[in-house]
**Q** 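Below is one structure. I have some questions about it.
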Amino acid sequence: MTVRVRIAPSPTGYMHIGTARTALFNYLYAKHHKGQFLLRIEDTDRERSTPEAVTALIDGMKWLGLNWDEDVTFQFERSPRHAEIAREMLAKGHAYYCYATPAELEQMREEQKAKGLPQKYDGRWRDRDPKDAPAGAKPVIRLKAPQVGATVVRDLVLGEISVNNTELDDMVLLRSDGTPTYMLAVVVDDHDMGITHVLRGQDHMTNTFRQVQIYKAMGWDVPKFGHIPLINGEDGKKLSKRHGAVGLHEYQFMGYLPEAVRNYLLRLGWAHGDDEIISDAQAIEWFDTDGLQKSPARFDTKKLRSLNAHYIRQADNARLLSLILPLLSEKASFTVGEMAQQKVLRGMNSLKTRAETLIELADAAMVYVMEHAATNDSKARALLADEGNKALLESFLPRLAAQNDWTATALEASVRSFTEEKGIKLGALAQPLRAAVTGLTVTPPIFEVMEHLDREVVIHRIKASVSA
RNA sequence: GUCCCCAUCGUCUAGAGGCCUAGGACACCCGCCUUUCACGCAGGUAACACGGGUUCGAAUCCCGUUGGGGACGCCA
């Protein structure tokens, strides 16, 4: 049997980081088992679904590199089919009309809550004759769920899980306006799409029991289920906006590489021995449900950053340049030209070992973009305000002006011989030099920066700082 | 409140009854390298929630307690 899995997000604004991880797991599961990975947009909630949100979901999937097979299924388009199944269940005696009004049900729940009873539909229309229906009332269709026994699921992650059927109530399948509920639509779509394995968050566990009852009522094959532990915030509480970013796109904006996010998400709730850095090919080769964790994991930004730093170091320089180019132009307030881009590219090897995000990479790369040295670094200004340093720089200037070989190696040699003659440490001149040339105290190796910067620019900046 | 699920360093995790004096990674601390900052390399601190069983032997199996998460909609 070919494995067919799906990710079924609802378009309610953006792609949640947890949804992204579930999508990744499903994708890898499909690839590992040489099956198909499908995308279904669950847009049956017409109030909240928007075309923008659908686009956000699709963009998120593409950014993460999770390409799906076949066409995207839009759940709402299938509502006639869902209604058809609801009527079929009605005909088979597995469902019934319920005329209770929302207000009536709310009152029922409040009474249950007040008495400390479990909150669930009490089945008031289960055995009642539809002839008793109030005139003009629009009914919903409810599942006639089994009231004895237990519903048992052999979970791919948790093992056997079960619940007594007395705990489950008769859920709504078709709303009074004729539209299907999530519970019905998911089952019908998964069945029609030939889904064999459902890997989803543990927040769906109770839904699974109820959905299994629908499969059984229809006499359909029940797919295998696997309930993935949820992602919590750094404080162990439910991941929410107050923890920072929950939208996948936010990670993109914060300068994370998709491969880093992929690797991080993969290791959150899943492991393959002690492996940490895992390539896409290895992920496909290794991923299976036996490596999934049972308990929830906390989101750790520090580890994500560390992984991101790793992948930035691995990344192709030209790719990095293209990724930070919009950032550079934005920071500079002008379009960064070809010359500056070439300087950044030449300095990239040193820049990328110092950045954990693309934002930091862009910040550091600005030394090659700006016309003048930075002026807002107080430590650098203090260094240049020192008369001794000024005198030192001034006395070194003629050497620099006479410098033939404008390479990092030669520049370093020149500075070394100068400091040796003066009997001072290399850093005694290198650091003021860094401050004068860049306006900063922390940069890539200063001789390399000088090499990539034009000679005239370097000399001009030193002169400017000396005479300031 | 009711039901479901879970429980190893601060965090992510390895661990399938003896290989565990509990391993790795991130973070943290320290050293080396060094023109700053990083990278890299070498060390270090740090965990089996608790209580009962089962067993010659338990981080691993069972029960309970505690703690955590989730679900209880004509949302998905």
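Each chain gets a letter, A, B and so on, in the order the sequences are listed, and its residues count up from 1.
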**Q** For the C1' atoms, the ones on B:U60 and on B:U54, what distance do you get once it is rounded to whole angstrom?
**A** 13 Å
**Q** Are A:Y215 and A:H191 an aromatic pair by the rule of ring centers under 6.0 Å?
**A** no
**Q** Work out how far the C1' atom of B:G51 is from that of B:C56, and round it to whole angstrom.
**A** 23 Å
**Q** Can you tell me the base-pairing partner of B:C32? Count Watson-Crick or G-U wobble geometry only, both distances below 3.5 Å, and say none if there is no partner.
**A**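 Paired with B:C32, as far as the under-3.5 Å criterion goes, is B:G40.
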**Q** Paired with B:C75: which nucleotide, if any, by Watson-Crick or G-U wobble criteria at under 3.5 Å for both distances?
**A**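 None - no nucleotide pairs with B:C75, as no candidate has both distances under 3.5 Å.
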**Q** Is the centre of the A:F299 ring less than 6.0 Å from the centre of the A:H243 ring?
**A** no
**Q** Any strand is fair game: report the nucleotide pairing with B:G64 by Watson-Crick or G-U wobble, both distances under 3.5 Å, or none.
**A**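 Result: B:C50.
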**Q** Roughly how many Å is it from CD in A:E276 to C1' in B:G23, rounded to a whole number?
**A**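 Between C1' of B:G23 and CD of A:E276: 12 Å.
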**Q** What is the nucleic acid contact for A:K238, judged by heavy atoms within less than 4.0 Å: base, sugar-phosphate only, or nothing?
**A** sugar-phosphate
**Q** Hey, does the side-chain of A:N207 have a donor or acceptor N/O within less than 3.5 Å of a partner on the base of B:A76?
**A** yes
**Q** Between protein and nucleotides 4-11 of chain B, what N or O pairs are separated by less than 3.5 Å?
**A**
none

**Q** Using only side-chain N and O atoms of A:R267, determine if any of them is under 4.0 Å from OP1 or OP2 of B:A25.
**A** no
**Q** For A:K120, answer base if it contacts any base atom (sugar-phosphate contacts may also be present), sugar-phosphate if it contacts only those atoms, and nothing otherwise; contact means non-hydrogen atoms under 4.0 Å.
**A** nothing
**Q** For A:K237, answer base if it contacts any base atom (sugar-phosphate contacts may also be present), sugar-phosphate if it contacts only those atoms, and nothing otherwise; contact means non-hydrogen atoms under 4.0 Å.
**A**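 Sugar-phosphate contact only - A:K237 comes under 4.0 Å of backbone atoms but never of a base.
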**Q** Look at the side chain of A:R48 and the base of B:C75, then say whether one donor and one acceptor between them are separated by less than 3.5 Å.
**A** yes
**Q** Taking pairing as Watson-Crick or G-U wobble with both contacts under 3.5 Å, can you name the mate of B:A25, or confirm there isn't one?
**A**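 Because both required distances fall under 3.5 Å, B:A25 counts as paired with B:U11.
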**Q** Mind checking the C1' distance from B:A58 to B:G52? Whole angstroms is fine.
**A** 14 Å
**Q** Just to be sure I understand the rule, does A:P444 reach a base, reach only the sugar-phosphate, or reach nothing, if contact means heavy atoms closer than 4.0 Å?
**A** base
**Q** Restricting both atoms to N or O, compile the protein contacts to nucleotides 62-66 of chain B shorter than 3.5 Å, with distance only.
**A**
none

**Q** Does a side-chain N or O from A:R200 land closer than 4.0 Å to OP1 or OP2 of B:G70, or not?
**A**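 For A:R200, the contact criterion (side-chain N or O under 4.0 Å from OP1 or OP2 of B:G70) is not met.
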**Q** With P as the reference atom in both, quote the distance from B:A49 to B:U13 in angstrom, rounded to an integer.
**A** 15 Å
**Q** Rounded to whole angstrom, note down the P distance from B:C19 over to B:G53.
**A** 23 Å
**Q** Decide yes or no, distance alone: a donor-acceptor N/O pair under 3.5 angstrom between the base of B:G23 and the side-chain of A:D274.
**A**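 For A:D274, whose side chain was compared with the base of B:G23, there is a donor-acceptor pair (under 3.5 Å).
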**Q** For A:T443 and A:R434, test the side chains for any donor-to-acceptor distance below 3.5 angstrom and give the result as yes or no.
**A**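 Looking only at side-chain atoms, A:R434 and A:T443 do form a donor-acceptor pair, the distance falling under 3.5 Å.
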**Q** Does A:R200 come within less than 4.0 Å of A:D203, counting only side-chain N to carboxylate O?
**A** no
**Q** Can you tell me, in whole Å, how much space there is between the C1' of B:C20 and that of B:G57?
**A** 13 Å
**Q** Do the two ring centres, one from A:W270 and one from A:F287, sit under 6.0 Å apart?
**A** yes
**Q** Determine which nucleotide pairs with B:A16, using a 3.5 Å limit on both distances of a Watson-Crick or G-U wobble pair.
**A**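 By the stated definition (distances under 3.5 Å), nothing pairs with B:A16.
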**Q** Checking all strands, does A:A100 fall into the base, sugar-phosphate, or nothing category for heavy-atom contacts under 4.0 angstrom?
**A**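 Contact class for A:A100: base.
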**Q** Heavy atoms under 4.0 Å, any strand shown: does A:T44 hit a base, just sugar-phosphate, or nothing?
**A**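 Contact class for A:T44: sugar-phosphate only.
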**Q** Measure from NZ or CZ of A:R142 to the centre of the six-membered ring of A:Y97 and say whether it is under 6.0 Å with the direction within 45° of the ring axis.
**A**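 Here A:R142 fails the 6.0 Å and 45° test against A:Y97.
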**Q** Looking only at atom P, what distance separates B:A22 and B:A16, rounded to whole Å?
**A**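 These two P atoms come out 16 Å apart once rounded.
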**Q** Between B:C29 and B:C37, how far apart are the P atoms? Round to whole Å, please.
**A** 15 Å
**Q** Pick from A:R175, A:Q211, A:H82, A:M171: which one makes a side chain to side chain contact (heavy atoms under 4.5 Å, CB included) with A:L184?
**A**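 Between A:L184 and the candidates, side chain to side chain contact (heavy atoms under 4.5 Å, CB included) is satisfied uniquely by A:H82.
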**Q** When all nucleic acid strands are considered with a 4.0 Å heavy-atom cut-off, which category describes A:G201: base, sugar-phosphate, or nothing?
**A**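 Nothing, no heavy atom under 4.0 Å.
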**Q** Going by atom types only, do A:D189 and A:Q75 share a side-chain donor-acceptor pair under 3.5 Å?
**A** yes
**Q** So does A:K343 pair up with A:E448, basic N to acidic O under 4.0 Å?
**A**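 A salt bridge is absent here (no side-chain N lies under 4.0 Å from a carboxylate O).
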**Q** For A:S306, which contact category applies under a 4.0 Å heavy-atom criterion: base, sugar-phosphate, or nothing?
**A**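 Sugar-phosphate: the residue A:S306, judged by heavy atoms under 4.0 Å, touches backbone atoms but no base.
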**Q** Is it possible for you to check whether A:R40 lies under 6.0 Å from the centre of the six-membered ring of A:F74, through NZ or CZ, and within 45° of that ring's axis?
**A** no
**Q** For B:A76, does OP1 or OP2 lie under 4.0 Å from any side-chain N or O of A:R175?
**A**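 Looking at the OP1 and OP2 atoms of B:A76, one of them is under 4.0 Å from a side-chain N or O of A:R175.
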